[in-house]
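Please read all numbers here as calculations on a predicted model, not as lab measurements.
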Amino acid sequence: MKSYARRSKSYLCYLLLGTICLITVCQPFAGAVGNSQDSPLEGDPLPASVTEIMNDTKYDHAFWGILVEDLETGEIIYQLNPEKMFIPGSTTKLYTGAAALDVIGADYRFETPLYTRGHVDSSGNLNGDLILVASGDLTMGGRITPDGKIAYTDIDHSYANSIGNAILTTPDPLSGLDQLAQQVSAAGIKSVSGEVIIDDRLFDKITPPDSDNDYTLTPVVINDNLIDIMVKPAPPGMAADVDWRPQTAAYVVEANVTTTDANETARIEISTGGPGIINVSGQVPAGEGTIVQTYKVDDPSSFARSLLIEALERQGVKVNASVKGNNPADLLPATTNYSEFERVALLTSPPFSENLKLIMKVSQNMQADSLLPLMAVKEGKRSFWDGLIIERSFLEKTGIDLNAVSISDGRGNSPADYMTPRTTVDLLRYMSSGNDSQVYRDALPILGVDGSLATSVGPESPAKGKVRAKTGTTAKYDAVNDRLILCSQALGGYMNTSEDRKLAFAIYVNNVPVKDVKEMKQVSNDLGSICEAIYEENST
């Protein structure tokens, strides 16, 4: 919530698009929900409990698409508008993730080296520079659990500002940099007289189109290039406690947050007070838990450099360079070939399958978009756009109808993103039979258990734990009516019935007016209830 004005600008630029969607997408569909089409379709009628949900008045102007198929027999179980194109939201990540799994590989590990340029004398002083060569590692050791997994929570910090709160992971975001610094110390380096430099030339940096400038894709990522702001209420009338992570001398947090009576609403604003200054202001109600918000760092490479210098100093390595300086990229060697330099430290990531799980479970947008340039690098290219071309080559291999797909990003928020229930189910079918089928399936949120599906059904739901699927949500601000328009709520994935019947499904609903985030959540829960109904109907 950096400012209301900023959000309004973002929503307004999509207002016309929302109107176009209502004309081009919703016009073919009107009246009560049913399986009626211009020509006969295979499959059973939708269960009454499903049509009851779809006929609720909040969906009077919405457009539905459903396809459910048996993976073993190919039988169509249910379908409604399966060949129509829908705004997919983050179910686009099913496509990006599948392509990245194919191109990058489930077992691939990012390796981030640290080199010396110069001579280490007998006293342990490096008469020269330390250079960290960014490898595109999306977590840089900052989410690693004791068993070597990548940690995630049901509400990722990347969504803290848009939904009002988040749940932070427990690992130290700086643990990867600390490991590198420990290796530097173990190599006998006690001081560095030159510079500390981040080589961020692996791929072309870009702020993805239509991302509202929320992030820049860069080969160096520490804590998702965010500073987490934690606001804890005090007794009414007292200043709230404001803490942040990771802490660095490169940034100062100036806080002015008061604690109000318990019945008031939290309002926190985070803004820039100048270079290296983060202003946190507003109010929080007494009795609430800690509220998490985030600040996007100004320059990821300079941020990483500052944190690395501080990590080195924590390990007793004295660094002459200033913590607050910008990354001196102009001092980098002309070549990215470091074979003539001495490597003194190396950080190795968990397998890429763990990265994919994080991206899918919490719908991590920045990391999903980063898969495009990372795919490009694997193919000897450099750009976000190269990655989309590589993704197309993968999709051609799957055999899906590319005329029924439109994709212009990795995360699923571009106005150009469209797809049909048919293409999504065809992709799911393809991915269910390959060598990486279990990796792909395991990466998806589990209904009623974790990630973005953790609360979509109740704890007693018969479908709990039986569905693995990617969620998708796209909402824009309707300025005329001062409300939200839920352009898309979507769900695509796999279901195992109690009879061990293996199904693939895609459910899309587009263009639902909602008052607030609470009503958006109800739409998401309705899709969970539809999954329940499909599960129950096919489990007897």
Side-chain angles (χ1 to χ4, degrees), residues 88-111 134-139 200-211 215-221 336 349 351-360 363-420 423-424 426-437 439-440 443-444 470 472 492:
S90 285
T91 58
T92 304
K93 294 182 177 75
L94 288 169
Y95 295 70
T96 314
L101 192 57
D102 181 73
V103 174
I104 297 173
D107 297 327
Y108 178 80
R109 295 174 185 262
F110 297 96
E111 293 187 340
S135 67
D137 188 338
L138 296 172
T139 60
D200 58 3
R201 298 176 292 180
L202 181 69
F203 57 74
D204 299 336
K205 294 186 285 294
I206 183 176
T207 298
D210 311 306
S211 66
Y215 48 79
T216 297
L217 304 184
T218 171
V220 61
V221 180
T336 56
S349 76
F352 177 71
S353 57
E354 285 293 305
N355 294 100
L356 184 65
K357 186 180 295 183
L358 166 63
I359 290 168
M360 295 295 209
S363 207
Q364 225 290 350
N365 288 330
M366 182 274 290
Q367 296 195 20
D369 270 336
S370 294
L371 295 180
L372 294 171
L374 289 174
M375 282 191 282
V377 169
K378 288 290 287 185
E379 298 289 335
K381 307 292 184 180
R382 291 191 52 83
S383 79
F384 178 87
W385 308 109
D386 291 328
L388 285 166
I389 294 170
I390 292 167
E391 181 173 341
R392 177 187 169 85
S393 296
F394 164 76
L395 294 177
E396 287 176 338
K397 186 167 63 175
T398 70
I400 69 173
D401 181 6
L402 287 175
N403 286 325
V405 173
S406 174
I407 299 175
S408 288
D409 63 3
R411 68 198 179 281
N413 194 45
S414 168
D417 290 346
Y418 284 91
M419 53 202 56
T420 69
T423 56
T424 298
D426 285 350
L427 174 70
L428 291 164
R429 175 180 294 281
Y430 176 87
M431 293 303 295
S432 71
S433 60
N435 293 333
D436 293 323
S437 60
V439 171
Y440 188 68
L444 301 176
K470 183 70 198 76

Please report the shortest heavy-atom distance between [X] and [Y], naming the atom on each side.
X: G97; Y: L371; value: CA-CD1, 4.5 Å
X: K470; Y: K93; value: CE-CD, 3.7 Å
X: L374; Y: S135; value: CD2-O, 4.4 Å
X: I407; Y: D417; value: CA-OD1, 3.3 Å
X: I359; Y: A368; value: CG2-CB, 3.8 Å
X: A98; Y: L427; value: CB-CD1, 4.2 Å

Nearest 0.5 Å please: distance from the CG atom of N355 over to the CZ atom of F110.
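N355 CG to F110 CZ: 5.0 Å, rounded to 0.5 Å.
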
[Y] side chain reached by [X] side chain, heavy atoms, under 4.5 Å:
X: D409; Y: P208; result: no
X: W385; Y: I206; result: yes
X: V405; Y: I400; result: yes
X: D102; Y: M375; result: no
X: P219; Y: K205; result: yes

If we check side chain to side chain contact (heavy atoms under 4.5 Å, CB included) with Q367, which of these qualifies: L356, L358, L217, V221?
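It is L358, the one option of L356, L358, L217, V221 that forms the side chain to side chain contact (heavy atoms under 4.5 Å, CB included) with Q367.
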
Around atom NZ of K381, are there more than 12 heavy atoms of other residues, nucleotides or ligands at under 6.0 Å?
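No, not enclosed.
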
Could you check whether any side-chain N or O of [X] sits under 3.5 Å from a backbone N or O of [Y], counting only pairs where one atom can act as donor and the other as acceptor?
X: Y440; Y: L94; answer: yes
X: D200; Y: V220; answer: no
X: S406; Y: A416; answer: yes
X: Y95; Y: T424; answer: yes
X: S370; Y: M366; answer: yes

Tell me, please, which residues at least two apart from D426 pass salt bridge (charged side-chain N to carboxylate O under 4.0 Å, His left out).
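Expected list: R422.
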
Apply the test side chain to side chain donor-acceptor pair (under 3.5 Å) to residues S437 and S432: give CA-CA distance (whole Å), side-chain angles for both, the deciding distance (0.1 Å), then the verdict.
CA-CA 5 Å; S437 60; S432 71; over 6 Å; no

For residues 386-396, run the donor-acceptor check on the side chains, cut-off 3.5 Å, and write out each pair with its distance to 0.1 Å, sequence neighbours left out.
{"from": "D386", "atom 1": "OD2", "to": "R382", "atom 2": "N", "distance (Å)": "3.2"}
{"from": "D386", "atom 1": "OD2", "to": "S383", "atom 2": "N", "distance (Å)": "3.1"}
{"from": "D386", "atom 1": "OD2", "to": "S383", "atom 2": "OG", "distance (Å)": "3.0"}
{"from": "R392", "atom 1": "NE", "to": "E396", "atom 2": "OE2", "distance (Å)": "3.2"}
{"from": "R392", "atom 1": "NH2", "to": "E396", "atom 2": "OE2", "distance (Å)": "3.4"}
{"from": "S393", "atom 1": "OG", "to": "I389", "atom 2": "O", "distance (Å)": "3.4"}

Would you mind telling me which of D210, D369, T92, T96 makes a side chain to side chain donor-acceptor pair (under 3.5 Å) with R411?
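Between R411 and the candidates, side chain to side chain donor-acceptor pair (under 3.5 Å) is satisfied uniquely by D369.
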
Residues forming a ring pair (Phe, Tyr, Trp, His ring centres under 6.0 Å) with F352, sequence neighbours excluded
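Per chain and number, F352 pairs via ring pair (Phe, Tyr, Trp, His ring centres under 6.0 Å) with no residue.
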
